[in-house]
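What follows is one structure encoded as structure tokens, with my remarks underneath.
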Amino acid sequence: MVRISIEVIDLSSNSIKEQLEHERSVLYELVSSYGIGHPLVIKQSELLDELINKHSKTQIPTYTKVKMNK
């Protein structure tokens with residue numbers, strides 16, 4: 001049986017990619033063991049989606065609109 005671990009991660013660290021790869025490999029193991037529609041697979045997929053979304057938000061540059069006075 002594959003164990004799912006949920007931990008709080010620091011999104012500012014360089015380990016986010018390692019965390020994403022780990023959670024992705026757990027997802028693959030769960031799919032292999034239980035099939036794609038199993039509740040554990042769905043839960044792991046949701047966890048991975050959440051991590052990807054959080055990581056994506058840290059990668060989006062912020063822009064400041066500059067107003068020029070004439």
Side-chain angles (χ1 to χ4, degrees):
M1 180 183 224
V2 179
R3 210 173 123 228
I4 296 177
S5 64
I6 299 175
E7 356 179 312
V8 176
I9 59 169
D10 180 6
L11 293 174
S12 64
S13 75
N14 292 333
S15 67
I16 182 68
K17 290 181 182 177
E18 292 173 8
Q19 180 72 27
L20 288 170
E21 289 304 317
H22 169 74
E23 298 302 340
R24 187 175 289 123
S25 69
V26 170
L27 177 62
Y28 292 154
E29 289 178 35
L30 289 170
V31 169
S32 177
S33 297
Y34 299 107
I36 198 146
H38 193 277
L40 288 175
V41 172
I42 294 169
K43 191 70 168 171
Q44 181 66 17
S45 177
E46 291 170 349
L47 171 66
L48 184 57
D49 287 346
E50 189 175 316
L51 288 174
I52 290 169
N53 289 336
K54 286 180 182 178
H55 175 64
S56 294
K57 287 179 183 176
T58 65
Q59 300 302 307
I60 299 172
T62 55
Y63 297 97
T64 304
K65 188 173 182 178
V66 177
K67 190 174 185 179
M68 295 180 65
N69 295 325
K70 292 185 180 181

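In what follows, residues are counted from 1 in the order of the sequence shown. Computation of the quantities below employed the complete heavy-atom set of this structure, encompassing side-chain atoms and omitting hydrogens, waters and symmetry-equivalent molecules.
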Would Leu30 end up clustered with Ile52 when hydrophobic side chains under 4.5 Å apart are linked, directly or stepwise?
yes

Output for pair (Arg24 CZ, Ser45 OG), nearest 0.5 Å, gives 10.5 Å

Could you state the interatomic distance from OH (Tyr28) to CG (Leu48), rounded to the nearest 0.5 Å?
8.0 Å

Distance from Asp49 atom CG to Gln44 atom CD, nearest 0.5 Å?
10.0 Å

Would a distance-only check, ignoring hydrogens and angles, find a side-chain to backbone donor-acceptor pair under 3.5 Å from Ser33 to Glu29?
yes

Taking side chain to side chain donor-acceptor pair (under 3.5 Å) as the definition, give me every residue that meets it alongside Glu46, ordered by chain and number, with sequence neighbours left out.
none

Within the 4.5 Å heavy-atom criterion, are Gln19 and Glu23 side-chain neighbours or not?
yes

SB check Glu50 Lys54 (cutoff 4.0 Å):
yes

Which heavy atom of Leu27 sits nearest to which heavy atom of Val41, and what is that distance?
CD1-O, 3.6 Å

